[in-house]
Amino acid sequence: MSTTDTATLPADTTAEGERFLKVDDIHAYYGESYIVQGVSFELRKGEILALLGRNGAGKTSTLRSLARVGTPDLKKGEIWLADLPVHKLKAHEAARKGIALVPEDRRIIQGLTVEENLDLAQIAPPIGWSKERIFELFPRLGERRRQEGVTLSGGEQQMLAVARALARDVELFLLDEPYEGLAPVIVQEIERTLEQIKAIGLTTIIVEQNAIAALHLADRALILDMGQVVFDGTAREVLDNAELREQYLAV
Ligand SMILES: Nc1ncnc2c1ncn2[C@@H]1O[C@H](COP(=O)(O)OP(=O)(O)O)[C@@H](O)[C@H]1O
Ligand SMILES: [Mg+2]
């Protein structure tokens, strides 16, 4: 557990790298429903965090709070991305500043080809990855650049969702259940994609029911239960602690 008083640490750097994201005691509501109940954590640049917990624990709501999408309503707490006060931003501002949420349903836009999906993601002026660079990372998307996005396989749609985030010059990558509904062989493919994301050094939060797969990829782990943090530590610690996994993850 990280119980260090951050106020006593020197500035924004440590031997392990720069502190990049600081989520400080956020509280969020859907109407009267109090869902995110004082969540705090920090990430360093380039780290991958596995955000875990049972169904209904508040994982999606936490991601949505970070991306500043309309609901849930963030009523208290602060979110800092380097020196940017994310808690003060609207969703479109957060998106422009490089906070990219890939939601569970992936939001592939109907009637658009792979290429058009990427063009649309590249908010003017083009600041994100070029299509050429994206197709180098995902040759399968390159081969299908003129195919309609919705006709792609589940795994390819997930790649396209990731590619859309890269096209937008992502600083903080938020992935909600990227393996959901995908066949095991496709999951392996997405895992390889995420390994590449890791090699690129993108700061990423990945929510996943497939906790073991996420933990193998992640540096850190945060477990939520009923809207509160019940574990904050390394991914290794969770992999090595069967009791913890049984209690909060049922794996
Ligand atoms: N739009 C909503 N309106 C009201 N309650 C919601 C809404 N979305 C989610 N919730 C509730 O918030 C809690 C956390 O949900 P969610 O963040 O989606 O959990 P998880 O992603 O961990 O499964 C659940 O009890 C869920 O029913
Ligand atoms: Mg969810």
Side-chain angles (χ1 to χ4, degrees), residues 21 23-43 48-79 86-87 89-92 94-95 99-108 154-155 157-158 161-162 164-165 170 172-182 186-187 190-191 194 197 203-218 220-233 235 238-239 241 244-251:
L21 174 70
V23 176
D24 187 10
D25 194 28
I26 58 169
H27 299 254
Y29 295 71
Y30 293 103
E32 297 287 290
S33 302
Y34 180 31
I35 300 299
V36 179
Q37 306 185 351
V39 167
S40 300
F41 62 92
E42 291 182 0
L43 268 188
I48 297 185
L49 172 75
L51 178 57
L52 307 172
R54 291 207 177 87
N55 249 332
K59 305 179 298 294
T60 295
S61 303
T62 299
L63 285 193
R64 290 173 61 90
S65 299
L66 297 183
R68 306 298 298 120
V69 294
T71 58
D73 184 16
L74 183 67
K75 289 208 175 152
K76 182 170 177 267
E78 296 187 353
I79 301 160
V86 175
H87 51 282
L89 304 181
K90 301 247 184 282
H92 69 274
I99 299 175
L101 171 66
V102 178
E104 269 170 280
D105 61 13
R106 295 168 204 147
R107 303 263 168 84
I108 303 303
Q157 286 195 21
Q158 187 62 47
V162 170
R164 281 170 50 90
V170 63
L172 176 64
F173 205 17
L174 308 172
L175 287 166
D176 201 351
E177 305 210 18
Y179 306 145
E180 207 204 357
L182 302 181
I186 306 295
V187 166
I190 300 298
E191 274 175 344
L194 295 179
I197 296 292
T203 312
T204 301
I205 301 178
I206 172 169
V207 166
E208 190 43 65
Q209 288 297 319
N210 189 342
I212 302 296
L215 287 165
H216 280 295
L217 189 78
R220 304 198 58 79
L222 194 78
I223 304 180
L224 297 184
D225 192 43
M226 297 184 2
Q228 298 180 350
V229 175
V230 291
F231 176 86
D232 180 355
V238 182
L239 285 170
N241 189 337
L244 185 70
R245 293 203 309 276
E246 264 164 43
Q247 191 176 356
Y248 294 112
L249 307 175
V251 289

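One-based numbering, in listed order, for ligands and for the atoms of each. For this chain, numbers begin at 1 and follow the sequence in order.
Here's the thing with Ile35: none of its N/O atoms is less than 3.5 angstrom from an N/O atom of ligand 1. The shortest N/O to N/O separation between Thr62 and ligand 1 does not fall below 3.5 Å. Ligand 1 has no nitrogen or oxygen under 3.5 angstrom from a nitrogen or oxygen of Ser33.
The closest approach between any non-hydrogen atom of Asn55 and ligand 1 is below 4.0 Å. The closest approach between Gly58 and ligand 1 falls below 4.0 Å for a heavy atom of the residue.
With hydrogens left out, the protein atom closest to atom 24 (C) of ligand 1 is Gly56 O, 3.8 Å, a heavy atom. Looking only at protein heavy atoms, the nearest one to atom 16 (P) of ligand 1 is Ser61 OG, 3.6 Å. In terms of protein heavy-atom proximity, atom 18 (O) of ligand 1 is closest to Thr60 CB, 3.6 Å.
Counting heavy atoms under 4.0 Å from ligand 1, residue Arg54 touches it through the backbone alone.
In terms of modelled atom types and a separation under 3.5 Å, the side chain of Lys59 and the main chain of Gly53 share a donor-acceptor contact. Side-chain atoms of Arg68 never come within 3.5 Å of backbone atoms of Ala94 as a donor-acceptor pair (strictly under, hydrogens ignored).
Looking at heavy atoms from C-beta onward, Gln158 lies in side-chain contact with Val102 at the 4.5 angstrom threshold. Leu49 is not listed as a side-chain neighbour of Leu21, based on a closest heavy-atom distance of 4.5 Å or more. At least one side-chain heavy atom of Asp24 sits less than 4.5 Å from a side-chain heavy atom of Ser40. Between Asp232 and Arg220 the shortest side-chain heavy-atom distance falls below 4.5 Å. With contacts defined as side-chain heavy-atom distances shorter than 4.5 Å, the pair Leu52/Tyr248 does not qualify. A 4.5 Å side-chain heavy-atom check between Leu174 and Arg64 finds every atom pair outside the cut-off. Counting heavy atoms from C-beta on, the side chains of Glu208 and Leu175 never come closer than 4.5 Å. Phe231 has its side chain out of reach of Leu249: every pair of non-hydrogen atoms, C-beta onward, lies at least 4.5 Å apart.
Atom 13 (C) of ligand 1 lies below 4.0 Å from at least one non-hydrogen atom of the protein. Distance screen at 4.0 Å: atom 27 (O) of ligand 1 has no protein heavy-atom neighbour inside the cut-off.
Across all non-hydrogen atoms, the minimal contact from Ser65 to Ile26 is CB-CD1, 4.1 Å.
Of all the listed residues (Tyr30, Tyr34, Tyr29), Tyr30 holds the heavy atom that lies closest to atom 4 (C) of ligand 1.
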Verdict with reasoning, Arg245 to Asn241, per side chain to side chain contact (heavy atoms under 4.5 Å, CB included): CA-CA 7 Å; Arg245 293 203 309 276; Asn241 189 337; 5.6 Å; no
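Each protein N/O/S atom under 2.8 Å from the Mg ion (ligand 2) was counted, for a total of 1.
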